[in-house]
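Before any comments, here is the structure.
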Amino acid sequence: MAQPIELQPQAITVQELAAINSRQVPERYIREGVGALDASFPVLDVPTIDLQLLASSSSTSGDELDKLRSALSSYGCIQAINHGITSAFLDKLREVARQFFALPSEEKKKYSREIGSIEGYGNDMILSEDQILDWTDRLYLILRPEDKQTLKFWPENPESFRGILNDYSTKLHVILEVLLKAMARSLNLEENQFLQQYGDQATMQARFNFYPICPRPDQVLGVKPHADGSVITMLLQDKEAEGLQVLKDDQWFNVPIIPQALLINVGDQAEIMSNGIFKSPVHRVVTNSERERITVAVFCIPHPDQEIQPVEELINETHPRLYKKVKDYVSLYFQYYQQGRRPMEAALI
């Protein structure tokens, strides 16, 4: 499939749009049948998982492994606690994100992404004239490996931004290893099975998301429905403003906030590795007419040359192979995503 061609960058950020006209939304952002956050959506009871227990060899770790398998099979996501990152550090990360998005437009635009690239500050690529746009601005940065960092996109204001983000990536890498090993053990596999497929050349990519106040939350989405193209995604939620929703049993559910937790979900590539046992959840972000919202998502993605496929031990007569071998899944992902389609369609046998 050919690489997507961006028609033109958005001339103005959503934050600027919201500041210019606080009562109207341009037509290109309007979708039918969204339903505002304050509608009667049920709350998703996302299982809380203790990562210290997962990492331990105590007798209670077995129960936590069972909880993990059940959660990732039923919900595709967990609220991870006891993950080794202090609440004070998470608040520092939230604060530098807030400070960046509060900068004047001219300052933020020093880090603008380039046409055809996702890295840097800006919005979604515009790939078609009839594409409905998301009500969000974002700063997208490659964190790991460090030699892949493009520092011209890394803000120097606030001064602590780069140091905090590098520390965060180091801490998340430890969590990722614990989680991938636990996911394998929960399926009675050798603990390095998923870690080996993930590979030592994998990338960790951060997306700082800013969702301005929106006058029409009943018609506008912060992010369109999608599942992630990663192996694992780790989300630091806004401490006060909800907005994330997960689709389960054909019903949208609000995801609650646990300020000290990391919301972790499996992506499509973990679903492929597990031969469909773990489910990559479809999710979206709704908008809010009263308060802005800032989140930080980190995507853990295998190198484009790394082959991803179902683990052989998970294929049998009662559970046949569901997915092809895939490489460079994320390139495929972005093309399908902008069309509102799931790239898993291309991976299915």
Side-chain angles (χ1 to χ4, degrees), residues 43-85 90 171-199 202 204 227-237 244 246-249 253 255-283 297-302 308-316 319 322-323 344:
V43 174
L44 189 68
D45 187 18
V46 179
T48 300
I49 299 290
D50 187 321
L51 293 194
Q52 280 189 359
L53 284 179
L54 285 186
S56 78
S57 55
S58 69
S59 57
T60 52
S61 66
D63 292 340
E64 209 68 7
L65 284 174
D66 290 343
K67 271 179 67 180
L68 179 69
R69 174 179 174 153
S70 174
L72 298 184
S73 302
S74 301
Y75 298 85
C77 57
I78 60 172
Q79 298 272 19
I81 59 169
N82 288 336
H83 42 60
I85 306 178
L90 293 178
K171 296 173 192 294
L172 290 189
H173 189 71
V174 174
I175 292 172
L176 175 70
E177 192 164 313
V178 167
L179 193 60
L180 287 177
K181 286 181 176 180
M183 286 164 61
R185 296 203 317 273
S186 79
L187 298 178
N188 298 314
L189 300 172
E190 192 279 317
E191 70 172 13
N192 288 319
Q193 285 272 33
F194 292 144
L195 204 53
Q196 285 166 358
Q197 274 208 64
Y198 178 69
M204 192 176 272
D228 291 341
S230 59
V231 167
I232 294 292
T233 301
M234 307 192 210
L235 179 72
L236 180 64
Q237 294 229 66
L244 180 65
V246 166
L247 187 67
K248 189 175 190 303
D249 303 324
F253 287 81
V255 175
I257 297 167
I258 301 179
Q260 72 278 16
L262 292 173
L263 185 78
I264 298 178
N265 67 271
V266 296
D268 288 356
Q269 296 194 64
E271 182 169 329
I272 291 169
M273 288 183 195
S274 70
N275 200 33
I277 295 174
F278 298 145
K279 300 295 189 293
S280 175
V282 172
H283 51 284
V298 173
F299 306 96
C300 304
I301 300 170
I308 300 298
Q309 61 185 320
V311 173
E312 286 295 329
E313 290 90 329
L314 301 177
I315 302 169
N316 52 50
H319 199 72
L322 299 179
Y323 304 101
M344 288 290 270

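Please read all numbers here as calculations on a predicted model, not as lab measurements.
Contact check for Pro302 versus Val231: side-chain heavy atoms found under the 4.5 Å cut-off. When side chains are defined from C-beta on, Ile272 counts as touching Met344, because their heavy atoms get closer than 4.5 Å. Looking at Met234 and Leu179, their side chains never come closer than 4.5 Å, going by heavy atoms from C-beta outward. No side-chain heavy atom of Phe253 sits under 4.5 Å from any side-chain heavy atom of Tyr75. Proximity of Leu314 to Met273: side-chain heavy atoms (C-beta onward) are nowhere separated by under 4.5 Å. At a threshold of 4.5 Å between non-hydrogen side-chain atoms, the residues Tyr198 and Ile232 do not count as touching. Using a 4.5 Å heavy-atom cutoff, the side chains of Gln197 and Gln309 are in contact.
The OG atom of Ser74 lies 10.0 Å from the CZ atom of Arg69; values are rounded to the nearest 0.5 Å. The distance from the NZ atom of Lys248 to the CG atom of Leu44 is 7.5 Å, given to the nearest 0.5 Å. Interatomic distance, CG of Leu54 versus NZ of Lys67, reported as 9.0 Å (0.5 Å rounding). Taken from CG in Leu65 to CZ in Arg185, the straight-line distance is 5.0 Å, to the nearest 0.5 Å. Interatomic distance, Cys77 SG to Leu244 CG, rounded to the nearest 0.5 Å: 8.0 Å. Note that CD of Glu177 is 8.5 Å distant from CD of Glu191, once rounded to the nearest 0.5 Å.
By the neighbour-count criterion of 12 heavy atoms within 6.0 Å, atom CG of Asn192 is densely surrounded, having more than that number from other residues, nucleotides or ligands.
Checked by atom type and distance alone, the side chain of Glu64 never pairs as donor or acceptor with a backbone atom of Gln52 at under 3.5 Å. Of the possible donor and acceptor atoms, none in the side chain of Glu313 sits under 3.5 Å from a partner among the backbone N and O of Leu187. Listed for the His319 side chain is a donor-acceptor partner under 3.5 Å among the backbone atoms of Asn275.
Closest approach of Phe194 to Leu180, counting heavy atoms only: CD1-O, 3.8 Å. Here the closest heavy-atom approach between residue Lys279 and residue Ser73 is recorded as CG-O, 3.2 Å. Among all heavy-atom pairs drawn from Ile85 and Leu90, the shortest one is CG2-CD2, 3.7 Å.
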Would you tabulate the side-chain donor-acceptor contacts of residues 258-271 under 3.5 Å, counting partners in other chains and residues two or more places apart, or write 'none'?
| residue | atom | partner | partner atom | Å |
| --- | --- | --- | --- | --- |
| Asn265 | ND2 | Asp228 | OD2 | 3.3 |
| Asp268 | OD1 | Ser280 | OG | 2.7 |
| Asp268 | OD1 | Arg342 | NH2 | 3.0 |
| Asp268 | OD2 | Tyr329 | OH | 2.5 |
| Gln269 | NE2 | Gly229 | O | 2.9 |
| Glu271 | OE1 | Ser280 | N | 2.8 |
| Glu271 | OE2 | Tyr323 | OH | 2.7 |

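With respect to Gln79, the side-chain contact (heavy atoms from CB on, under 4.5 Å) criterion is satisfied by exactly one of Ile257, Asp45, Val255: Val255.
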